[in-house]
There are 2 protein chains.
Amino acid sequence: MSQQRHGSTSGNGARAGAVSAFPDLPEATIARLPEYLRALHNLGEGGADTISSEGLAAAAGVNSAKLRKDLSHLGSYGTRGVGYDVALLIEQIEYVLGLDQRRAVCLVGVGNLGHALAGYDGFASRGFKIVALLDADPAKVGERIHGLIVRHIDELPAVAVEETIAIGVIATPAGAAQAVADELVTAGVTSILNFAPCVLSVPANVDVRKVDLAIELQILSFHEHRKASLTALPGGRSATGAGNQEAVGS
Amino acid sequence: MSQQRHGSTSGNGARAGAVSAFPDLPEATIARLPEYLRALHNLGEGGADTISSEGLAAAAGVNSAKLRKDLSHLGSYGTRGVGYDVALLIEQIEYVLGLDQRRAVCLVGVGNLGHALAGYDGFASRGFKIVALLDADPAKVGERIHGLIVRHIDELPAVAVEETIAIGVIATPAGAAQAVADELVTAGVTSILNFAPCVLSVPANVDVRKVDLAIELQILSFHEHRKASLTALPGGRSATGAGNQEAVGS
DNA sequence: TCCTGTGAAAATCTTCACAGCT
DNA sequence: AGCTGTGAAGATTTTCACAGGA
């Protein structure tokens with residue numbers, strides 16, 4: 001939600017002769033494309049060649065009007081009366097998301113959470129490769145985790161030269177996160193995924209996304225609190241349906 | 001973002017004599033309250049008694065108008081000319097989020113990620129206590145992780161009786177997630193945090209939030225892709241400022 | 001007939017700008 | 001003078017509902 005993209009995005013759009021006619025997608029749409037992509041992969045593995053907006057929307061957990069509007073921003077890849085070609089749509093979304101090239105990820109902070117992220121299958125299986133693990137703790141440097149040797153954070157510039165780092169992941173304690181972010185920026189990294197519970201300040205051309213696990217619990221806590229206060233009111237609120245899903249993403 | 005809250009929220013608001021005059025907060029505001037709370041705790045530890053909207057906004061990474069509007073929904077807890085009383089505001093936000101009561105969390109799936117979540121400090125330090133670890137794999141049952149013994153998923157109903165589970169966390173592979181969700185719902189859990197990359201279907205009175213780590217990377221990948229296509233255009237886009245932060249949350 | 005693509009309406013969220021309290 | 005609280009304007013997102021192609 002909170003998104004302060006300033007500068008950068010400015011000119012482009014319908015600029016004549018723009019190098020790649022890059023679609024100017026709404027942020028909300030971008031955040032949903034990965035979900036559509038996952039649903040499409042599932043459907044494709046299930047043997048479907050085409051899928052209606054209704055069917056894909058159900059698989060992705062959104063309503064069909066939203067899905068059609070989202071996809072319409074990519075261009076017309078559906079066939080009226082039939083639906084979308086699964087393989088073609090996968091290709092289009094992967095192109096837009098830049099997943100046609102494998103992106104190198106560098107993970108800083110090999111503590112509790114970092115350790116788990118280093119071994120998380122979901123990254124590799126969806127086009128991301130963790131190419132370096134870094135930590136400031138000398139006791140951790142040299143440790144082998146899921147096939148990678150942990151290196152000292154001071155080697156970040158060297159790592160950045162060896163590999164073209166597309167994304168830096170920060171899984172350090174909050175106190176260290178800003179310093180790590182600064183080093184990543186200096187090393188030329190322009191996309192950061194921050195798991196530390198703090199606000200990072202970075203130059204305007206750097207994108208930061210934040211995942212704070214405790215915040216997610218607190219939001220659920222609010223809804224628990226609200227529901228508890230509602231059940232004190234008349235009317236048994238059981239209800240049926242597909243449920244209240246809220247996906248994370250800005 | 002995608003939020004299909006239906007039913008439940010319906011009547012309340014200004015209803016005369018409602019049991020708890022529960023504030024009808026915008027979803028976007030709720031998602032930011034935890035961030036304000038974290039910033040307030042930091043400021044409080046730093047010795048501040050009061051803080052201006054400008055100062056708190058900076059600490060939370062939002063602009064001050066948004067912050068004031070958000071807080072105004074809670075009521076008037078600021079003093080014009082002075083700012084907000086840090087301790088009072090903490091108390092108010094914690095009350096609204098339902099954090100004045102410690103909430104029990106049950107974690108299902110003690111694999112790579114679940115293991116890390118079980119030991120994540122950020123939960124305990126912010127009012128959540130993991131009271132049970134469950135897994136379907138007999139090889140994992142009995143294992144001791146961060147002071148808790150892993151129990152078999154079939155014991156979920158028993159666990160739910162022993163402890164009042166406020167929130168269930170699913171950290172299983174995608175294939176198992178729906179079955180686990182069904183069991184949580186049957187056991188009476190009405191809030192679920194889902195780390196499995198799949199859509200869950202649950203009754204309308206159950207809230208689900210989803211965190212998909214790969215999706216976060218894919219969104220960053222999009223922005224990398226976009227930036228790469230923009231640098232092919234004229235104009236060195238360095239710029240300065242506080243950066244492009246996008247926090248996760250619906 | 002079925003289903004996409006899309007204007008237009010509705011809902012939600014953000015930002016502005018200033019009245020009014022301390 | 002300084003800072004909150006808030007109407008009103010603006011931007012974004014969602015939903016509706018239907019024209020029109022397959």
Side-chain angles (χ1 to χ4, degrees), chain A residues 1-6 9-10 13 23-33 35-36 48-58 60-86 88-89 92 242 244-247 249-250, chain B residues 1-6 9-10 13 23-33 35-36 48-58 60-86 88-89 92 242 244-247 249-250:
Chain A
M1 194 112 299
S2 63
Q3 149 254 38
Q4 300 138 261
R5 188 159 317 290
H6 40 178
T9 317
S10 52
D24 208 350
L25 301 171
E27 200 66 30
T29 295
I30 294 160
R32 284 187 294 264
L33 289 179
E35 194 70 46
Y36 301 156
D49 289 334
T50 62
I51 181 73
S52 67
S53 65
E54 202 73 48
L56 180 53
V62 301
N63 77 39
S64 62
K66 195 188 288 186
L67 177 118
R68 287 200 301 280
K69 180 73 88 180
D70 283 341
L71 295 186
S72 76
H73 289 118
L74 307 186
S76 286
Y77 296 107
T79 309
R80 292 169 198 232
V82 179
Y84 299 92
D85 181 291
V86 172
L88 176 60
L89 196 49
Q92 282 305 320
N244 293 325
Q245 310 226 356
E246 316 196 23
S250 66
Chain B
M1 198 112 297
S2 64
Q3 147 252 41
Q4 300 138 262
R5 186 161 318 290
H6 40 179
T9 315
S10 53
D24 209 350
L25 301 171
E27 200 66 33
T29 294
I30 295 160
R32 283 186 295 264
L33 289 179
E35 195 69 50
Y36 301 156
D49 289 335
T50 62
I51 182 74
S52 68
S53 64
E54 201 73 47
L56 180 52
V62 302
N63 78 40
S64 63
K66 195 188 288 186
L67 176 112
R68 286 200 303 278
K69 179 74 85 180
D70 282 342
L71 295 186
S72 76
H73 289 118
L74 307 187
S76 286
Y77 296 108
T79 308
R80 292 170 199 230
V82 179
Y84 299 92
D85 181 292
V86 172
L88 177 60
L89 197 49
Q92 281 305 319
N244 292 328
Q245 311 227 357
E246 317 197 22
S250 65

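Numbered from 1 within each chain, the chains take letters A, B, ... in sequence-line order. Only this structure's heavy atoms are used, side chains among them; waters, hydrogens and symmetry mates stay out.
When rounded to the nearest whole Å, the span between CG of B:Leu74 and P of D:dT6 equals 12 Å. Rounded to whole Å, the distance from NZ on B:Lys66 to P on C:dT12 is 17 Å. If you take CG of B:Leu89 and C1' of D:dG5, they are 14 Å apart, rounded to a whole angstrom. In this entry the distance linking CG of A:Leu25 with P of D:dT13 reads 11 Å, nearest Å. The nearest whole Å value for the distance from the OH atom in B:Tyr77 to the C1' atom in C:dC21 is 18 Å. B:Leu71 has its CG atom 15 Å from the P atom of C:dT15, to the nearest Å. At whole-Å resolution of the value, NZ in B:Lys69 and C1' in D:dG7 are 7 Å apart. The CG atom of B:Asp85 sits 16 Å away from the P atom of D:dC3 (whole-angstrom rounding).
The side chain of A:Arg32 has D:dT14 as its nearest neighbour among D:dT14, D:dT13, C:dT14. In this structure, of D:dT15, D:dG5, C:dT4, it is D:dT15 that holds the atom nearest to the side chain of A:Asn63. Out of D:dT6, D:dC3, C:dC13, the shortest distance to the side chain of B:Arg68 is found at D:dT6.
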Polar-atom pairs under 3.5 Å, protein N or O versus N or O of nucleotides 9-11 of chain C: list them with distances, or write none.
none

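Scanning atom types as modelled, no donor and acceptor separated by under 3.5 angstrom connect the side chain of B:Arg80 and the base of C:dT22.
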Side chains of residues 73-85 of chain A: which donor-acceptor pairs under 3.5 Å do they make with residues two or more places apart or in other chains?
from, atom 1, to, atom 2, distance (Å)
A:His73, ND1, A:Lys69, O, 3.1
A:Tyr77, OH, A:Gln92, OE1, 3.1
A:Asp85, OD1, A:Ala87, N, 3.1
A:Asp85, OD1, A:Leu88, N, 2.8

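Heavy-atom distances to DNA chain D give each of A:Gly81 and B:Ser53 a nearest nucleotide, and the one nearer the 5′ end belongs to B:Ser53. Looking at which nucleotide of DNA chain C each of B:Ala65 and B:Val82 is closest to, the 5′-most match is held by B:Ala65.
A:Leu25 places a side-chain heavy atom less than 4.5 Å from the side chain of A:Leu33.
Scored by the side-chain hydrogen bond (donor to acceptor under 3.5 Å, both in side chains) test, B:Ser52 finds no partners at all (sequence neighbours excluded). Residues meeting the side-chain hydrogen bond (donor to acceptor under 3.5 Å, both in side chains) test with B:Ser53, sequence neighbours left out: B:Arg68. Every residue was checked against the side-chain contact (heavy atoms from CB on, under 4.5 Å) condition with B:Ala58, not counting sequence neighbours, and none meets it. Considering only residues two or more places apart in sequence or on other chains, B:Thr29 meets the side-chain hydrogen bond (donor to acceptor under 3.5 Å, both in side chains) condition with B:Asp70.
Interatomic distance, A:Leu89 CG to A:Tyr36 OH, rounded to the nearest 0.5 Å: 10.5 Å.
Taking only side-chain nitrogens and oxygens, A:Ser76 comes nearer than 4.0 Å to OP1 or OP2 of C:dG5.
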